[in-house]
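The structure displayed is predicted, hence computed values, not measured ones. All chains are named by letter (A, B, ...) in the order of the sequence lines, taking the proteins before the strands, and each is independently numbered beginning at 1.
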There are 2 protein chains.
Amino acid sequence: MKKQVTIKDIAKLAGVSVATVSRVINGNGRYSKDTEERVLRIIKEHNYSPNMLGKGLRTNKTNTIGIVVPDITNEFFARIIQEVEKNLFRAGYTTLVCNTSENPELEKRYLEVLNLNRVSGTIYIAGDTRVKHEEPRGIPAVYIDRWPSTTRKDIVFIESDNFEGGRLAAQEMLKCGCRRIIFLTDERRTSAHQSRCEGYIRAHREFGVVPDERFIIGLSEISFDAAYNEVIRLIDNNVKFDGIFASTDWLALGSLVALESRGIKVPEQVKIVGFDNISISKHCSTPITTINQNVTQMGELAVDLLLKLIDGKEIDKKYYVLPVELVKRSTT
Amino acid sequence: MKKQVTIKDIAKLAGVSVATVSRVINGNGRYSKDTEERVLRIIKEHNYSPNMLGKGLRTNKTNTIGIVVPDITNEFFARIIQEVEKNLFRAGYTTLVCNTSENPELEKRYLEVLNLNRVSGTIYIAGDTRVKHEEPRGIPAVYIDRWPSTTRKDIVFIESDNFEGGRLAAQEMLKCGCRRIIFLTDERRTSAHQSRCEGYIRAHREFGVVPDERFIIGLSEISFDAAYNEVIRLIDNNVKFDGIFASTDWLALGSLVALESRGIKVPEQVKIVGFDNISISKHCSTPITTINQNVTQMGELAVDLLLKLIDGKEIDKKYYVLPVELVKRSTT
DNA sequence: GTGAAAGCGCTAACAG
DNA sequence: CTGTTAGCGCTTTCAC
């Protein structure tokens, strides 16, 4: 339990005042080239690094960013976290991770905690839309994936082009000749899923076909099992369909396994397109055609915007749509 | 940007000194039932919550725990993080996540940052064994999964019973009649993988068979592709085998897809057992038999131990081995 | 160019 | 039981 070396020690060692050391550290000017060198050398020699708590207390700023995410075990979110955290770390920030498990109550408490810890900013990855965020201290924030419901104005929001994704997915199957395409989605109709649905409808219109409304199926849970059970139900109820657009790769996989278990051939009899391009879609026995979201770009942009907000810079655009692409594999 | 209410405001409002408010907040006694009620009421009324920075600076303690993990997108690690974070949050701690990407250099820098931020403790999930951790301030730490190489003595370490897992896996296949079982593992021979290997050998011995040394294959990378390529190579080189024990579910899946792509029937011709029981093993088209690690228990125990360490309590045991179990599915 | 000093919000002696 | 006070490590006026 060795004592940490503080700015005072450095000052004494360098024969200057703490003020000067502070100036040198923060590059605030008003010191001679000579002292700068000396102070820097001593700092290095003694492996000194400033105590973030003292600094934070004084400046009322920490170098910590809160990141709120509904489910860290979801690979798609995990990859966003990874990107965000990587970029943040490079910029000298640390990341406080808050896993809300899609639980509004938990999410609310996390926001309090982030506030207590005086985070410099927040990145919301797909929060639950039903939560009204209270953000009294006006902490800068960037939202990703789902349009938030918050008391804040001037929301900075990033999402993939979900509409285009939905359109591409349906188009791919329509091109292959499908005419009865099931759309498996989230019954909560979050903004992202809603847009995908609209893209799905648009594609149909472009092909001059009117999608059966009953083919748009809202699941109460986004999971393998939910999709599996639903598809089994469809088959057993003798519903005729020749394509499934699953608004998540896990749903696509659930569908695929359900079909295969009933002896239905994919892609010969039924085609499938997923969404997100998580690794499972590539590595299952029948690799799934899916829509890729550019996670890297998302993470970079989010961090870039957040840091600008923190620095009080003006942001030219508040709303960003990132391009998606169709990844063609074996289910179409 | 409303001004935060501080302990001073509460003191003034309640007509007491800040010291008294502090005592009430921390339950340090030495105040009357009467003042306690009043202070608590005012706190609630004004929605006050103490500034963690001031507190941390003063006590030289934060309520933050650093969690170092090699790959957050690995579902197994993500689940541990989830559990750890959940339990930590309940106990009033926040979690600083450090994703090292198995990069020793990055890991080192993360340790510095954790130190700068004066975390109260650290949980290491499977760090890279080649890194010598420097932990000058003696921050309490709990290690999980891989035995660390650190300057610290008195390491608190938790792992699954990897030996038993390896034994169960091999035993399962031997029971099914397999006699030529490939073991796909990490060439770096981390403690966990090493133990699984020993279990694998033990099981063979119990069945009176001597495993071919060439069947123990160290992969330079733990991924679907690595396993896929290796198994393809084995098949093309005409190596005869009737079972694969993959020390990770992703390796098992890669093996499975490789076999199927060559028209080899699983489990009829070759049996497979994986490790970790991540969701992919359950949900692929041929569900994979695997060894389950009890992630929930791991997370709980890790947090429990860490909090004890932080509170300066003595820990009776330094080394914990958690039971594993065979989850029988369709590949055996 | 540099230093002295105030103070960020909080806790912990110490004195009463 | 309660208040006064010193100071945690740092930044930032303000003077010189």
Practice item. Fit a plane to each ring of B:Tyr124 and B:Tyr143, take the angle between them on a 0 to 90° scale, and name the class: parallel (under 30°), tilted (30 to 60°) or perpendicular (over 60°). Key: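 Taking B:Tyr143 first and then B:Tyr124, their aromatic rings lie parallel (interplane angle under 30°).
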**Study point:** A:Tyr319 and A:Trp147 aromatic ring geometry - parallel, tilted or perpendicular at 30°/60° bounds
**Key:**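 Taking A:Tyr319 first and then A:Trp147, their aromatic rings stand perpendicular (interplane angle over 60°).
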Review point. Does a side chain donor of either B:Lys108 or B:Asn103 reach within less than 3.5 Å of an acceptor in the other side chain?
Key: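 No, B:Asn103 and B:Lys108 have no side-chain donor paired with an acceptor closer than 3.5 Å.
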Check your understanding: Can B:Gln293 and B:Asp276 be counted as having a side-chain donor-acceptor contact under 3.5 angstrom?
Key ->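 Yes, side-chain donor-acceptor contact under 3.5 Å.
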Check your understanding: In Å and rounded to the nearest 0.5 Å, what is the CD1 to CD1 distance from A:Ile123 to A:Ile158?
Key ->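 A:Ile123 atom CD1 to A:Ile158 atom CD1 measures 7.5 Å (nearest 0.5 Å).
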**Study point:** Rounded distance (nearest 0.5 Å) linking atom CD of B:Glu105 with atom OG1 of B:Thr100
**Key:**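 So the gap between those two atoms works out to 12.0 Å.
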Show which side-chain atoms of residues 67-81 of chain B pair as donor or acceptor with protein atoms under 3.5 Å away, not counting sequence neighbours.
from	atom 1	to	atom 2	distance (Å)
B:Asp71	OD1	B:Thr73	N	2.9
B:Asp71	OD1	B:Thr73	OG1	2.7
B:Asp71	OD2	B:Thr73	OG1	3.3
B:Asn74	OD1	B:Phe76	N	2.9
B:Glu75	OE1	B:Ser279	N	3.4
B:Glu75	OE1	B:Ser279	OG	2.7
B:Glu75	OE2	B:Arg79	NH1	3.2
B:Glu75	OE2	B:Ser279	N	3.1
B:Glu75	OE2	B:Ser279	OG	3.2
B:Arg79	NH1	B:Asn277	O	3.2

Review point. Can you check whether A:Val5's main-chain N or O pairs, donor with acceptor, with A:Asp9's side chain at less than 3.5 Å?
Key: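 Between the backbone of A:Val5 and the side chain of A:Asp9 there is no qualifying donor-acceptor contact (under 3.5 Å).
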Exercise for review: Just report the end-to-end axis angle for the helix from C:dG1-D:dC16 to C:dG16-D:dC1, five pairs per end, to 10 degrees.
Suggested key: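 One end's axis against the other's: 40°.
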Review point. To the nearest angstrom, how far is A:Lys33 atom NZ from C:dT2 atom C1'?
Key: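 After rounding, the gap between these two atoms is 17 Å.
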Review point. Within the pair A:Ser32 and C:dT2, is there a side-chain N or O less than 4.0 Å away from OP1 or OP2?
Key: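 Yes, A:Ser32 has a side-chain N/O under 4.0 Å of OP1/OP2 on C:dT2.
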Study note, to complete from the structure: Heavy-atom contacts, protein to nucleotides 9-16 of chain D, under 4.0 Å, summarised as B (base), S (sugar-phosphate only) or - (none) per nt, yield BBBBBB--
